[in-house]
J.: 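There's a structure below that I have some questions on.
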Amino acid sequence: MQQRQNHTASPSRTPAKNDPLAVQAVLIGLTLLFFAGFIFMPLALVFSQALSKGWQLYIDAIREPVALEAVKLTLLTASIVVPINAVFGVTAAWAISKFSFKGKTLLVSLLDLPFAVSPVIAGLIFVLLLGSRTPFGSWLGDHGIKIIFATPGIVIATLFITFPFVARELIPLMESQGREEEEAAITLGAGGWRLFRMITLPNIGWGLMYGMVLCTARSIGEFGAVSVVSGHIRGMTNTIPLHVEILYSEYNYTASFAVASILVFLALVTIGVKTALEQRLEGSHNTRH
Amino acid sequence: MSIEIQNITKRFPGYTALDNISLKVATGELIALLGPSGCGKTTLLRIIAGLETADVGSIILENRDTTNLPARSKNVGFVFQHYALFRRLNVFDNVAFGLTVKPASERPSKQDIRDRVMHLLKLVQMDWAAKRYPSQLSGGQRQRVALARALAVNPKVLLLDEPFSALDAKVRQELRRWLRKLHDDIHVTSIFVTHDQEEALELADRIVVINKGKIEQEGTPQEVYDHPANSFVYNFLGNVNVFHGRVRNGKVVLGQPLPDERRELNGHEVKTGQAFIRPHDIGISKIRNGNDHPGVIRDIRLTGSQITLELESAGFDTPIEAEISRETWRNLELSKGEEVYITLDKARVFTGDFEI
Ligand SMILES: Nc1ncnc2c1ncn2[C@@H]1O[C@H](COP(=O)(O)OP(=O)(O)O)[C@@H](O)[C@H]1O
Ligand SMILES: [Mg+2]
């Protein structure tokens, strides 16, 4: 109600139209320059470097077994991490947005921990917790389970780094939607799983997908934390970003950029999907007022 | 199904939302819970529906204690203030929801669900919109769909939480009459919550006036309107003039105390209180008789079928509002600034707890 009054309070005015043309030109020019310098140029550089020695070398670099292993490990990690964090995100967002309980504020703050802590530190924490020289790590080692410098460590580090994405996306969405639809469903006799599947999940669907896309992008691109826990074992514990770095430090620029172009390609796909979802998502927020 | 609310008390941190409320609703009755915003109406409805738990007290539906039954098993129809339609389901699926989520053993066949949903949509005059989504409907249409959805599962009782308050006046009035007719047809025991006295008066078999978590009065619309139990009810139901009033030697005196009365006031011989009179109970004439108060017409306003006069009278510190019919107005040939005599015989004085 109040919003409506605010809208009618003064006739809308587009400031840009009233500013002098020169200011407009300068502002747009600066923005474009920035984009060109920091986004288009690097992107173009990646591809031009990757292809500088011809298509054949590009394809060879990508089809090299070690590179393929890195792609495989990256996709495997993402396919484990994203579903787990989707479930975790929905649960956390549900609890935070629809119930009030003690320690809620603390939980919300903790949700941001992976954003606040440097990924390298995050990786180190897991090495200190689960490395073979710790009591727990050596106990696991005795039972033939290796976590640090192995795939489980990479998955755990990536899980930690990417867990806020889904929850962060869903909390405001669920808060804006309120509890009324669920309460209506309850009074109509629905409960538990049915309620979640028929009402809650469809309502948060687009937001959940959006969060999962961000989570996927980050889990594919994560470098710092994974670098610490992986041990850089070629063909074993190398993800795409780690492989790019190794190739680069060996002065193998063409191969390095070729593999990097996979990451760039994945990033472009992510942006495309994200943009498409954003438009859908706008319809999900409460339009009651 | 009858509803029996027994000694319900509900406290929120630092706030008592409901204070020992007891109330009976007979089978087939439509009662209105009337009270200002924040007095606990929604909380009471939610407790009956099982969406909230009371600290003390019990809810009996048709002689069965349902206090501890989970909300999904109570079979209570709830209509929310802001509709709460399922935004991802179309109108048909919204209404069908309660039937489709029944356990397989109780679920009607697809065809039966179809028939029942279409029957209900016809009943609320929304059958033409079966394929539409809630966002494509107006507020009034949404609320009718919400009503059909609540009725689909044959609820024992129907709880309506200010269902029309988000709609504009004209639609609100239409729906109010329509709901009354619908209730006369289907006779489901209903509690209708509202903060709009006009709505309560027009719609309900019985009105329960609530203030600050307590019941102030219950009775038929005529009873509560004509015989308010206390100053709150008087104030809340309809326009009313409030004056300082006193009882002296068993007689009611209105207006400011006269100098010689002041002494008596100090000696406690005179009781003070508030006097209430509805604008349409005020008499206006050009000739003085009995205890009429002389006054001056300050303003004349046309309010629909009535004429509202704003009067000023010595001894009254606030203007007096009187309502007269157009006919009386014409007959008396009143004009602004004119001197008239005001009859306040119908005023009622409340001194402290009791009334005279
Ligand atoms: N979940 C809650 N937590 C704390 N206070 C609440 C809660 N729900 C309602 N209240 C308080 O209880 C009082 C009654 O609320 P409500 O039943 O919604 O009133 P009404 O429906 O009559 O406007 C209000 O003062 C409100 O602030
Ligand atoms: Mg309310």
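Protein chains get the first letters and strands the later ones, always in sequence-line order, with residue 1 at the start of each. Computed from a predicted structure; not experimentally measured.
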J.: Answer yes if the side chains of Asp65(B) and Thr67(B) hold a donor-acceptor pair under 3.5 Å, and no otherwise.
T.: yes
J.: With only heavy atoms counted, which part of Leu159(B) is less than 4.5 Å from chain A, the side chain, the backbone, both or neither?
T.: neither
J.: Measure distances from Ala152(B) to the heavy atoms of chain A and classify the residue's part below 4.5 Å as side chain, backbone, both or neither.
T.: neither
J.: Do you know the tightest heavy-atom contact between Phe160(A) and Ala122(A)?
T.: CE2-CB, 3.5 Å
J.: Go through Ala146(B), Ala84(B), Gly98(B) and name the one with the most non-hydrogen pairs under 4.5 angstrom from chain A.
T.: Ala84(B)
J.: Would a line drawn from the ring center of Phe165(A) to the ring center of Tyr210(A) be shorter than 6.0 Å?
T.: no
J.: If we only count heavy atoms from C-beta on, is the Pro134(B) to Asn94(B) side-chain gap below 4.5 Å?
T.: yes
J.: Relative to chain A, which segment of Val76(B) carries a heavy atom at a distance below 4.5 Å: side chain, backbone, both, or neither?
T.: backbone
J.: Measure distances from Ile199(A) to the heavy atoms of chain B and classify the residue's part below 4.5 Å as side chain, backbone, both or neither.
T.: side chain
J.: Less than 6.0 angstrom from the centroid, inside 45 degrees of the normal: does Arg149(B) satisfy that with respect to the ring of Phe86(B)?
T.: yes
